[in-house]
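Have a look at the structure below, then the notes.
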Amino acid sequence: MAAAALPEAWPELELAERERRRELLLTGPGLEERVRAAGGRLPPRLFTLPLLHYLEVSGCSSLREPGPGLARGLPQLHSLVLRRNALGPGLNPELGPLPALRVLDLSGNALEELPPGRGLGPAEPPGLPQLQSLNLSGNRLRELPADLARCAPRLQTLNLTGNCLHAFPAALFRPGALPLLSELAAADNCLRELSPDIAHLASLKVLDLSNNQLSEIPAELADCPKLKEVNLRGNKLRDKRLEKMVGGCQTRAVLEYLRAGGRGREEGRKKRRERKKRESGEGEEEVEEASRLLLRVLHLAENPAPLIVRVSPEVRDVRPFFVGAVVRGMELQAGNTLKRFLTAQTKLHEDLCGKRTAATIATHDLGAVRGPLLYGARPPQDLKIVPLGRREARAQDLLRQLQLEAEEHRKQKKRQNVSGLHRYLHLLDGERLFPCLVDTDGDVISFPPITNSEKTKIKKTTRDLFLEVTSATSLQACKDVMGALVLTMVELHGHRADSREEGALPGPEVDAGSARPPGADGERPGPLVVEQVRVEDIEGQLKVVYPSRTDLTGATPHVAVIR
């Protein structure tokens, strides 16, 4: 009788099967009772939907284990989100093998251990061979599985924040174990030591070990070749100078101190460096504090009306990473400042963004942006936008037109390659959904990585801008590009007031009703203000805030960031 009633009890599954859906989100007030009736597991019928790419079941305190059949029944699953449930103390049976899984989120559960047979999956062969992001934060884990690196050898992001870990397994840091791991977060645990073997994480860029019980930091940490951000705050370090440095210094200074082996060697090295500069006459003079350009950060708590961007699940398989920021007070009116700004943006696209393959920038006139904003994805035939300098078009028609123009341009120039303007059109090839940013009016204001909208186009009179950076590769790529863009704006803003270029148009370019721009008489303009933008999921759970305390820490010497 219970089996016969199952289709009525789970109408979402019947609908997903009938429409051959690839994404499924189970939520709502009735979920608790249905999961409880299924014995604290997901219903077996769920595992008869082999086309699923994305599955999320969140916020269900009755869900204690996924249930057997998941790995066998969902072979094409790319993303599995089981956060804020009651999974634990282990996983029975283990999740893997899931050969196509890239994102696994088990945060906010009651997991205490993940041993073989009741964990993530087998180690030989790897149970999660394509896994890139693993979120285990907010559980009760006392230790990590020793074979984690063998189970998920292509892991890039590992979040262990808010558990009960006392140490990392030695196998996690063995040479070549996790060659792609770039972000490791283990704040708010009980870690007592950090192995010098962490230097074997050749791709590590971000390390957060704040609020643990570390007393020593191995000097080998400075040997991580790509490390850019380190957070060691909240640890009672024996080296009191180092403890003070991690609370207020940039990562580079901390790593240099570790590399020097402590205070005495670091000071001796600094003196030798200074003496060598004096003898050779080389090196730049230190920038005087009074001449530094300023950038003020306005935090969400200080902002009565912060801009919110919500991210829908549909973008996970096409372009999942999004970072936003608001910059106020930018002067674009005098001379060729706007042209220089657009040129700088193009250069970032060419270099740091890897011709838009790593990330894409879009800039908007904040006065034309109506929030909150929704970052989602739509079928190409349903996505309409008024592109920069063009009439409204469907995304598929716009792409086709741009491809024709690119081919015509190539023939005219008799070149083998298309123009730089159209070099990134292939990035959406084969995608059934296209990413887009939609305002509260329902208008698409951005279609990354192709174009943004005429509706929010920046002009010479624009002073307040909304900046967005999206990526299909990583959140860190978005942050790196956004940081470079903001610092470029600071430099342009300060440079604009202190110089007059040849060919600069005089004052009539300024609207008669606008305020007189700072720097008109040669005085320095006021500092730019960058406002934090909160990016959250559909349920309101925080994904990222930019700039965070660890962002913009690599500012150039002549830029001071006021937080």
Side-chain angles (χ1 to χ4, degrees), residues 294-311 322-334 337-342 344-345 348 360-375 385-389 436-448 451-470 478-479 481-494 496 509-511 513-515 517-518 525-536 544-548 551-552 561-562:
L294 301 180
L295 175 66
R296 183 189 166 209
V297 175
L298 184 68
H299 297 273
L300 290 172
E302 304 172 286
N303 192 346
L307 187 61
I308 305 293
V309 179
R310 296 190 175 97
V311 178
F322 186 103
V323 167
V326 167
V327 174
R328 293 188 183 271
M330 184 71 184
E331 283 293 340
L332 298 172
Q333 297 193 49
T337 307
L338 176 58
K339 181 179 179 181
R340 291 201 305 272
F341 174 58
L342 297 176
Q345 183 177 330
L348 284 173
T360 302
I361 301 166
T363 56
H364 307 269
D365 186 328
L366 182 65
V369 174
R370 292 176 55 80
L373 304 175
L374 176 65
Y375 180 54
I385 186 173
V386 181
L388 291 172
C436 58
L437 185 65
V438 183
D439 67 11
T440 194
D441 294 330
D443 294 330
V444 175
I445 63 172
S446 177
F447 169 29
T451 184
N452 46 311
S453 172
E454 187 74 19
K455 178 178 180 179
T456 59
K457 178 181 178 180
I458 62 173
K459 306 174 288 293
K460 283 192 171 238
T461 53
T462 300
R463 284 181 54 84
D464 303 331
L465 294 87
F466 168 58
L467 315 176
E468 64 163 281
V469 179
T470 60
C478 292
K479 288 190 168 191
V481 172
M482 182 66 82
L485 178 61
V486 170
L487 293 177
T488 296
M489 294 175 69
V490 176
E491 294 169 355
L492 283 174
H493 179 68
R496 183 211 60 76
E509 224 180 16
V510 181
D511 290 347
S514 65
L528 287 184
V529 176
V530 55
E531 296 179 3
Q532 287 183 326
V533 169
R534 176 185 172 96
V535 179
E536 58 187 38
V544 62
V545 170
Y546 188 91
S548 68
D551 297 319
L552 296 173
V561 181
I562 306 170

Requested in this report: Let me see the working for Val323 and Thr470 under side chain to side chain contact (heavy atoms under 4.5 Å, CB included), right down to the final yes or no.
Outcome: CA-CA 7 Å; Val323 167; Thr470 60; over 6 Å; no
Query raised in the report: Between Lys455 and Asp439, is there a side-chain N and carboxylate O pair less than 4.0 Å apart?
Result: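 A salt bridge is present here (some side-chain N lies under 4.0 Å from a carboxylate O).
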Would you say [X] and [Y] make side-chain contact, with heavy atoms under 4.5 Å?
X	Y	result
Pro306	Glu531	no
Leu467	Met489	yes
Leu342	Arg340	no
Arg328	Leu366	yes
Val438	Leu373	no

Query raised in the report: Can Glu468 and Ser446 be counted as having a side-chain donor-acceptor contact under 3.5 angstrom?
Result: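 Yes, a side-chain donor-acceptor pair sits under 3.5 Å.
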With a 3.5 Å distance limit and no angle check, can you tell me whether [X] reaches the backbone of [Y] through a side-chain donor-acceptor pair?
X	Y	result
Glu454	Gly389	yes
Asn303	Leu300	no
Gln333	Thr461	no
Glu491	Thr488	no

For [X] versus [Y], what's the shortest heavy-atom pair and its separation?
X	Y	value
Leu388	Thr451	N-OG1, 3.7 Å
Val530	Pro547	CG2-CD, 4.0 Å
His364	Val369	CB-CG2, 3.8 Å
Gly324	Val533	O-CB, 3.4 Å
Lys479	Tyr546	O-OH, 4.0 Å

Atom [atom1] in [X], atom [atom2] in [Y]: separation rounded to 0.5 Å?
X	Y	atom1	atom2	answer
Thr440	Ile308	OG1	CD1	12.5 Å
Met482	Leu348	CE	CG	11.0 Å
Thr363	Ile458	OG1	CD1	4.0 Å
Asp365	Asn452	CG	CG	11.5 Å
Asp443	Ile385	CG	CD1	10.0 Å
Arg310	Glu536	CZ	CD	5.0 Å

Requested in this report: For Leu437 and Val309, run side chain to side chain contact (heavy atoms under 4.5 Å, CB included): C-alpha distance rounded to whole Å, both residues' side-chain angles, the deciding distance at 0.1 Å, then the answer.
Outcome: CA-CA 9 Å; Leu437 185 65; Val309 179; 4.2 Å; yes
Query - With Met330, the side-chain contact (heavy atoms from CB on, under 4.5 Å) member among Asp464, Thr462, Leu492, Val529 - result: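 When Asp464, Thr462, Leu492, Val529 are each tested with Met330, the side-chain contact (heavy atoms from CB on, under 4.5 Å) holds only for Leu492.
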Query raised in the report: Given the rule in the side chain to side chain contact (heavy atoms under 4.5 Å, CB included) test, do Thr456 and Phe466 qualify, once you have shown the distances and angles that lead to the verdict?
Result: CA-CA 9 Å; Thr456 59; Phe466 168 58; over 6 Å; no
Query raised in the report: Relative to each other, are the rings of Phe322 and Tyr375 parallel, tilted or perpendicular (30° and 60° limits)?
Result: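 Aromatic pair Phe322/Tyr375 classed tilted.
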Report task. Just jot down the salt bridge (Lys or Arg N to Asp or Glu O under 4.0 Å) partners of Lys457, sequence neighbours excluded, or say none. Result ->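 For Lys457, no residue satisfies salt bridge (Lys or Arg N to Asp or Glu O under 4.0 Å) once neighbours in sequence are set aside.
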Requested in this report: Kindly determine whether Ile562 and Leu294 satisfy side chain to side chain contact (heavy atoms under 4.5 Å, CB included), including the steps that lead there.
Outcome: CA-CA 7 Å; Ile562 306 170; Leu294 301 180; 4.3 Å; yes
